[in-house]
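Let me begin by presenting the structure, written as structure tokens, before commenting on it.
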Amino acid sequence: MFNEVPELYDRVRPGYPDALFADLVTITGLGERSPVLEVGCGTGQATRSLAALGCSVTAIEPGAGMVALARQRLATFVNVTVESSTFEEWDDRGRRFDLLVAASAWHWVDPAIGWRRAREVLHPEGWMALLGHVVIRRPGEPEVYAETADLHERFSPGNPDWGRPPIEGDVRSTHEGWGLVDDPGGLFGPTIVRWYPTVQWFDGDGFADLLRSQSPYRRLDRDVREPLLDAIAERIRTRMGDRAARRYLSVLRIGQRAE
């Protein structure tokens, strides 16, 4: 799905805050040349931050377009290798890692295979880290979906993907476990959860491009998606002063491999 628009995805999707990677290092004791496996690297947004730490990063990604762009973006890092594969079918060739990272990607992995494989490819006392973003809203602040709900219903009525983002405080209260993915049971220890506020600002056309990179909109037929996004862009221009925020809580969920 995202492999159709890798350049757009790379340009508009939010990166991950430096503070998240600083906490990752503090929690895991990660050092230069520590072997790290990244599952579903996409265009290499999180990979760049891992590489900048000096880690030895093996990044795997199934989408050919994403792989090509990731290799281009990461060409200056001699400590990064990008391999084309799903995690389920990936040949680890006996390699073992201190940390496995999945940034907004673990929900694409078959949980019946993924959690067990994750434990297998980690060294004893290795760590599993899931990075992600949760779209949020703040009370009293203009928010794009609230301003465009009528447009969403006009162009794609009754779509189960439509709905206002949750309130920031409600999201922060979900501070246990691995989030919206299946639980690994006893394969990993208790999770540590950290939240990081992130905001992107867009004009109307930029916000429409952001939505073009997201799965609820990519699933729409083009002749529905494009008129909807044009109408959203126009609404942002006319009702929101051509300036709209997309607020996130970036999240780090991390747990240690169980013995």
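Formation of a donor-acceptor pair under 3.5 Å by the Asn79 side chain with backbone atoms of Ala51 is found in this model. Not one N or O on the side chain of Arg73 forms a donor-acceptor pair closer than 3.5 Å with the backbone of Gly44. Counting only distance, with no hydrogens or angles, the side chain of Arg253 and the backbone of Gly177 share a donor-acceptor pair below 3.5 Å. Within the 3.5 Å criterion, the main-chain N or O of Asp92 finds a donor-acceptor partner in the side chain of Arg95. Panel note: side chain Glu88, backbone Asp110; a donor-acceptor pair is recorded below 3.5 Å. Here the side chain of Arg257 pairs no donor or acceptor atom with the backbone of Met128 at under 3.5 angstrom. A donor-acceptor pair under 3.5 Å links the side-chain atoms of Thr26 to the main chain of Ala22, judged by distance alone.
Counting heavy atoms from C-beta outward, Ser250 and Arg194 have side chains that stay 4.5 Å or more apart. Taking the side chain as every heavy atom from C-beta outward, Leu220 and Leu228 approach each other to under 4.5 Å. Side-chain contact between Glu143 and Pro165 is present, with at least one heavy-atom pair separated by less than 4.5 Å. A 4.5 Å side-chain heavy-atom check between Pro197 and Leu249 finds at least one atom pair inside the cut-off. Using a 4.5 Å heavy-atom threshold, the side chains of Trp178 and Leu130 count as touching. Counting heavy atoms from C-beta outward, Arg219 and Asp161 have side chains that approach closer than 4.5 Å. Side-chain contact between Asp98 and Leu122 is absent, with no heavy-atom pair separated by less than 4.5 Å. Within the 4.5 Å cutoff, the side chain of Cys41 has no heavy atoms near those of the Ile60 side chain.
For Ile167, the CD1 atom counts as densely surrounded, since its 6.0 Å shell holds more than 12 non-hydrogen atoms of other residues, nucleotides or ligands. Within a 6.0 Å radius of CZ in Arg222, no more than 12 heavy atoms belonging to other residues, nucleotides or ligands are found. Within a 6.0 Å sphere centred on CD of Glu141, heavy atoms belonging to other residues, nucleotides or ligands number more than 12. By the neighbour-count criterion of 12 heavy atoms within 6.0 Å, atom CZ of Arg96 is densely surrounded, having more than that number from other residues, nucleotides or ligands. Atom CG of Asp170 has more than 12 neighbouring heavy atoms from other residues, nucleotides or ligands inside a 6.0 Å radius. Counting heavy atoms of neighbouring residues, nucleotides and ligands inside a 6.0 Å radius, atom CD of Glu125 does not exceed 12 of them.
One distance of note links CD of Gln200 with CZ of Phe207; it measures 9.0 Å at 0.5 Å rounding. Separating the CG atom in Leu131 from the CG atom in Leu50 is a distance of 7.5 Å, to the nearest 0.5 Å. In this structure, Thr81 OG1 and Glu38 CD are separated by 12.5 Å, a value rounded to the nearest 0.5 Å. Atom CZ of residue Arg154 and atom OG1 of residue Thr148 lie 11.0 Å apart, to the nearest 0.5 angstrom. Atom CG of residue Leu252 and atom CD1 of residue Ile27 lie 5.5 Å apart, to the nearest 0.5 angstrom. One distance of note links OG1 of Thr191 with CG of Asp183; it measures 8.5 Å at 0.5 Å rounding.
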From CA spacing to verdict: side chain to side chain contact (heavy atoms under 4.5 Å, CB included), Val121, Leu37 = CA-CA 9 Å; Val121 301; Leu37 175 65; 4.0 Å; yes
Output, in order, the C-alpha distance, side-chain angles, deciding distance and verdict of side chain to side chain contact (heavy atoms under 4.5 Å, CB included) for Tyr16 and Ser104.
-> CA-CA 11 Å; Tyr16 295 91; Ser104 301; 2.7 Å; yes
Worked verdict on Arg212 versus Glu226 for salt bridge (charged side-chain N to carboxylate O under 4.0 Å, His left out) = CA-CA 9 Å; Arg212 281 186 182 91; Glu226 293 308 314; 2.7 Å; yes
Determine, stepwise, if the pair Leu100 / Trp127 fulfils side chain to side chain contact (heavy atoms under 4.5 Å, CB included).
-> CA-CA 6 Å; Leu100 189 154; Trp127 293 83; over 6 Å; no
What's the verdict on side chain to side chain contact (heavy atoms under 4.5 Å, CB included) for Thr58 and Val36, showing C-alpha distance, side-chain angles and the deciding distance?
-> CA-CA 6 Å; Thr58 300; Val36 174; over 6 Å; no
Intermediate values then yes/no, ring-ring contact (aromatic ring centres under 6.0 Å, His included), His152 and Tyr145 = CA-CA 8 Å; His152 283 79; Tyr145 181 75; 4.9 Å; yes
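In plain terms, the two heavy atoms of Ala244 and Val144 that are nearest each other are CB-CG2, 3.6 Å. In terms of heavy atoms, Val171 sits closest to Pro166 at CG2-CG, 3.5 Å. Val251 and Leu20 get closest at one heavy-atom pair: O-CD1, 3.9 Å. Considering every non-hydrogen atom in both Tyr196 and Pro17, the closest pair reads CB-CG, 3.8 Å. For the pair Arg48 and Phe77, the tightest heavy-atom approach, listed with the atom from each and the gap, is O-CZ, 4.1 Å. Smallest separation of non-hydrogen atoms from Glu61 and Gly42: OE1-N, 2.8 Å.
Just one of Val181, Asp182, Val101, Leu180 meets the side-chain contact (heavy atoms from CB on, under 4.5 Å) condition when paired with Trp106; it is Val181. Applying the salt bridge (Lys or Arg N to Asp or Glu O under 4.0 Å) test between Arg237 and each of Asp242, Asp203, Asp205 identifies Asp205 as the sole match.
Contact check on Arg235 versus Asp150 returns a salt bridge, with a Lys/Arg side-chain nitrogen under 4.0 Å from an Asp/Glu carboxylate oxygen.
For the pair Arg117 and Phe87, the cation-pi test (distance below 6.0 Å, angle within 45°) is passed.
Both Val109 and Phe97 are assigned to one and the same hydrophobic cluster, defined by single-linkage of ILVMFWY side chains at heavy-atom distances under 4.5 Å. There is a path of hydrophobic side-chain contacts, each under 4.5 Å, that joins Val135 to Met240. Using a 4.5 Å cut-off between side-chain heavy atoms of Ile, Leu, Val, Met, Phe, Trp and Tyr, with links allowed through other members, Tyr248 and Ile136 fall into different hydrophobic clusters. Under the 4.5 Å side-chain heavy-atom criterion for grouping Ile, Leu, Val, Met, Phe, Trp and Tyr, Trp162 is connected to Phe155 within one hydrophobic cluster. Under a hydrophobic clustering in which Ile, Leu, Val, Met, Phe, Trp and Tyr are joined whenever their side-chain heavy atoms come within less than 4.5 Å, directly or via other members, Leu24 and Ile192 fall into the same cluster.
In this model, a donor atom of one side chain and an acceptor atom of the other lie less than 3.5 Å apart for Glu83 and Trp90. Of the N and O atoms on the side chains of Tyr217 and Ser156, not one donor lies less than 3.5 Å from an acceptor on the other residue.
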